[in-house]
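Every chain is numbered from 1 and lettered A, B, ... according to where its sequence line falls, protein lines coming before strand lines.
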Amino acid sequence: MWQVIKSVLAAFFGVQKEQQRKKDFEEGRPMTFIIVGLLMALVLVVGIFLLATTAAE
Amino acid sequence: MAPKLPPQQPLQTPAEQAGDGAATAGHVNEGYHHGPSGLMRWLLTTNHKEIGTLYLIFSLSMFFIGGIFALVVRAELFQPGLQLVQPEFFNQMTTMHGLIMVFGAVMPGFVGLANWMIPLQVGAPDMALPRLNNFSFWLLPVAFTLLLSTLLMPGGGPNFGWTFYAPLSTTYAPPSTTFFILSLHIAGISSILGAINIIATILNLRAPGMRMMDMPLFVWTWLITAFLLIAVMPVLAGVITMMLMDINFGTSFFNAAGGGDPVMFQHIFWFFGHPEVYIMILPAFGIVSAIIPTFARKRLFGYASMVYATSSIAILSFLVWAHHMFAVGLPLVAELFFMYTTMLIAVPTGVKVFNWIATLFQGSISFETPMLFALAFVVLFTIGGFSGLMLAIAPADFQYHDTYFVVAHFHYVLVPGAVFAIMAAVYYWLPKWTGHYPNERLGRWHFWTSVIGVNLTFFPMHFSGLAGMPRRIPDYALQFADFNMASSIGALLFGTSQLLFVLMIIKCVRGGEKAPAKAWEGAEDLEWTVPSPAPLHTFDTPPQFHHREG
Amino acid sequence: MRNLAGVVAAIGGSVWLTRSALADGWNMPLGVTDVSRDIHGLHMTIFWICVVIGIVVFGVMFYSLFRYRRSRGAKSAHFHENTTVEVIWTAIPLLILIGMALPATATLKEMYDAEDADLDVMVTGQQWRWHYEYLGEDVSFISNMSTPRDQIDGAAAKGENYLLEVDQPLVLPVDRKVRFLLTSDDVVHSWWVPELAVKQDAIPGFVNENWVRIEEPGTYRGQCTELCGRDHGFMPVVVEAVSPEEFDTWLAERKEAAAREASGVDREWGMDELMTRGQKVYESVCASCHQVDGSGNPPVFPALANNPTLMEERDRHISTVINGVSGAPMPAFNSTLSPVEIAAVVTYERNAWGNETGDIVQPSEIQSQLE
């Protein structure tokens with residue numbers, strides 16, 4: 001699971017090692033990545049919102 | 001889970017008709033076009049190549065109609081004062097120009113390219129849903145005939161800008177607005193059906209051996225675009241339906257006097273509208289990512305990071321809509337949130353530009369016309385990106401908002417951005433479509449006049465905007481006169497130079513230097529394995545795809 | 001000829017972006033408030049960041065195009081993907097953006113701090129004019145564009161402040177914090193004065209806030225920046241900033257005039273004075289839609305001349321002007337026109353252009369309806 005999160009984070013950042021990418025595509029199930037990706041997007045939204053709230057004070 | 005499909009009907013009996021006399025020799029070398037001929041052939045066609053051609057011709061006609069509207073606007077703005085048209089008509093021209101270019105020229109242009117090229121690039125015999133494909137195309141002429149006819153109706157056509165903010169577009173709108181809503185609904189249905197078809201094709205009809213990460217980037221970007229379309233076109237449908245209710249059925253969604261909320265209109269519109277701008281640019285990224293490696297004779301530097309960047313842009317595009325609304329009085333937290341997300345979107349966009357340039361680095365570069373357009377895309381789109389970055393800074397946006405600076409910004413990303421990419425694609429794939437190379441001399445003339453015209457039109461708009469000229473005004477104060485005159489001259493140059501484009505296409509269809517299957521030395525994708533011109537039916541037997549290693 | 005020279009200048013300017021961006025009349029004005037200077041600073045910072053990035057990126061690009069062109073015999077290398085390079089070119093923009101976000105956040109917070117204002121001005125957008133009200137001072141007026149039609153149509157030479165001049169400017173004191181409350185009677189407008197760095201949408205049903213503390217006396221001009229219909233381009237904003245003392249004198253005068261106006265409600269008005277006053281009000285407020293000759297612009301704006309329904313229904317005529325028409329463009333004038341003005345304009349409409357009903361509407365009647 002940790003590896004999935006790391007891969008999704010790498011995708012968010014846009015950089016991933018070729019080897020790890022291959023491994024993800026061969027071993028991982030697309031659904032796990034999609035769900036984790038959506039969750040991480042939500043985390044990103046909440047994170048930026050909290051940042052904006054803090055900055056507004 | 002494979003859904004049970006009814007057994008495939010034979011499409012037509014061989015007796016019905018052998019290929020009609022196609023004008024170009026070699027076009028029917030596999031001679032099994034069945035079905036009606038003449039006009040009915042085009043009306044009833046389910047062939048992805050023919051539908052692609054229809055889309056492209058439609059897009060080109062709309063490009064000219066929208067262009068003529070733009071020239072009316074620019075002619076009126078040539079000098080201060082009202083000379084040619086009255087403000088009522090001026091507003092209809094700016095509105096129609098925007099609507100026609102966005103929904104009639106750029107979007108169908110990309111769908112046409114998708115129709116032609118996606119089956120060829122993934123090794124599929126046709127689109128997954130050919131009849132639906134025919135339907136999605138023929139909805140468009142209906143929608144746009146209806147839209148254009150509003151100009152002749154009493155009270156005139158839509159005059160509230162392509163963003164049609166309520167209540168100007170509801171309580172204060174001309175009576176023809178209901179027709180405008182209907183036409184947008186029809187165009188929206190067409191887009192959604194087209195998107196469904198593209199997704200079904202890409203996910204189901206790839207050649208054996210072609211994995212997702214083997215797909216050409218044009219296919220990838222279109223896949224993501226199609227998902228964006230499915231996500232946001234219903235939102236547009238929702239907002240125009242609310243308008244319809246406000247206008248005709250006495251509701252008050254956007255009528256403050258009835259307890260409605262005009263700001264809600266803008267939120268819903270831009271929740272559609274911002275992904276919409278990426279719908280108009282992501283396929284362009286795919287095209288440029290095909291052309292640059294071809295003419296640099298070098299593999300794209302970061303294929304995977306391009307895919308990631310495209311996905312990031314798509315996701316972020318849902319989180320930035322209110323940057324179009326920095327001046328509507330959002331709470332401070334919302335301003336900050338949308339400023340931060342908007343700034344973030346610059347990162348994946350930058351990654352794309354860096355990737356293209358790293359691909360050029362140490363390549364072996366030649367400058368055929370498609371490459372010229374692709375390179376101009378990179379430079380001028382980046383300039384549009386820079387002004388986008390400036391607009392993202394919310395405090396400064398209070399000064400830029402709704403001025404010609406914004407007009408300059410989005411025309412830089414849409415004209416030398418999206419439109420140049422479509423033109424690059426046409427030059428790039430014309431040999432595959434017609435079997436002839438486009439005339440290089442004509443192409444160069446078209447390119448240079450377009451580049452000069454575009455910059456002369458849109459660059460001075462940065463200055464007039466910063467100096468204080470609001471957008472969508474039919475007349476302006478004297479200090480903006482010089483900038484506007486330059487823009488008008490540029491627009492005339494850009495507009496007329498598109499006649500060269502048409503001339504080039506006609507010449508290329510009728511003849512020219514014969515192109516082999518692999519028309520460009522550095523081209524790699526599957527479409528270059530079928531003959532030029534591509535026969536009506538290709539990949540009846542799926543090709544075996546061998547992905548390349550390292 | 002002046003324009004032709006301008007074209008040449010514009011072409012030259014297109015090339016020499018950096019130089020021209022600093023020149024006068026080509027760039028965002030520095031403005032006359034703290035906030036406007038902060039915004040200008042942000043604008044120039046992000047602009048120079050873009051210029052530097054542009055030089056680097058386009059530099060590498062054009063170097064590659066020149067150095068690795070095939071006609072020169074370049075053979076292509078075969079490298080692709082390099083994690084280090086990719087991390088660097090993702091991280092650097094990210095850092096630049098964070099560096100940019102910090103001052104932008106600070107400026108934005110300053111702009112949003114409209115507390116403790118010395119003066120509140122209500123700005124109301126109407127198709128196609130601005131209405132200003134000094135809250136708590138009983139002073140309010142309408143500000144129309146004053147550029148003559150002849151100049152727009154080219155029948156007369158255009159004046160220096162063509163399209164940027166009004167009959168009554170908004171007068172504001174310098175060195176005092178002025179808070180604007182913005183709203184609209186009809187569609188969305190946007191009130192913008194570049195030198196004050198205030199641009200705020202005026203939205204029906206909403207009241208937006210913005211503020212300004214002007215540092216230099218002067219005349220500052222701007223325009224409506226949100227498409228608001230036919231005369232969107234003819235809806236200028238003019239702010240006249242004066243010293244606090246001058247402002248106080250001016251406000252006192254206006255207050256006195258307003259009081260005189262208010263006392264006019266109680267007396268009986270004659271036909272002639274109502275007609276004279278009514279014509280003025282009509283041409284400033286009503287004529288933009290219903291036309292100077294009352295012919296209107298059907299189907300949206302009904303004709304007032306020779307309109308039998310209107311002539312028959314005197315009471316509805318009055319209540320329409322006072323309350324507007326829900327779901328139609330006609331706004332309510334109860335807050336923007338005084339009882340005298342409403343009475344005068346209704347009288348005028350009922351007797352001008354051959355309507356000749358002979359009806360006189362007294363301000364006192366309007367006053368009682370307003371209460």
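When heavy atoms are compared at a cutoff of 4.5 Å, B:Phe386 approaches chain C by way of both its backbone and its side chain. If you measure heavy-atom distances from B:Asp475 to chain C, the contacts under 4.5 Å come from both the backbone and the side chain. For C:Leu42, the part lying under 4.5 angstrom from a heavy atom of chain B is the side chain only. Of the atoms belonging to C:Met61, heavy atoms from both backbone and side chain fall under 4.5 Å from chain B. The parts of C:Ile53 that come within reach of chain B are both its backbone and its side chain, each placing non-hydrogen atoms under 4.5 angstrom from that chain. Heavy-atom distances place both the backbone and the side chain of C:Asp201 under 4.5 Å from chain B. With a 4.5 angstrom heavy-atom cutoff, B:Ile393 touches chain C only via side-chain atoms. Residue C:Glu110: no heavy atom, backbone or side chain, is found under 4.5 Å from chain B. Using a 4.5 Å cut-off between heavy atoms, B:Gln92 does not touch chain C at all. Heavy atoms closer than 4.5 Å to chain B are found in the side chain of C:Ile203, but not in its backbone. For C:Leu108, the parts lying near chain B are the backbone and the side chain together; criterion is any non-hydrogen pair under 4.5 Å. Both the backbone and the side chain of B:Ala358 come within contact range of chain C, each with at least one heavy atom under 4.5 Å from a heavy atom of that chain. With a threshold of 4.5 angstrom between heavy atoms, C:Glu86 approaches chain B through side-chain atoms but not through N, CA, C or O.
A donor-acceptor pair is defined here as one N or O able to donate and one able to accept, closer than 3.5 Å; such a pair exists between the side chain of C:Ser36 and the backbone of C:Leu30.
Every residue was checked against the side-chain hydrogen bond (donor to acceptor under 3.5 Å, both in side chains) condition with B:Thr170, not counting sequence neighbours, and none meets it.
Ring-plane geometry between C:Trp26 and B:Phe483 is classed as perpendicular, the angle between the planes exceeding 60 degrees on a 0 to 90 degree scale with a lower cut at 30.
In this structure, C:Lys158 satisfies the cation-pi test against C:Tyr162, with its NZ or CZ atom closer than 6.0 Å to the six-membered ring centre and inside 45 degrees of the ring normal.
Counting only residues at least two apart or in different chains, salt bridge (charged side-chain N to carboxylate O under 4.0 Å, His left out) contacts with residues 185-194 of chain C are absent.
If you tally non-hydrogen atom pairs under 4.5 Å between each of C:Ile49, C:Asn82, C:Asp38 and chain B, the highest count goes to C:Asn82.
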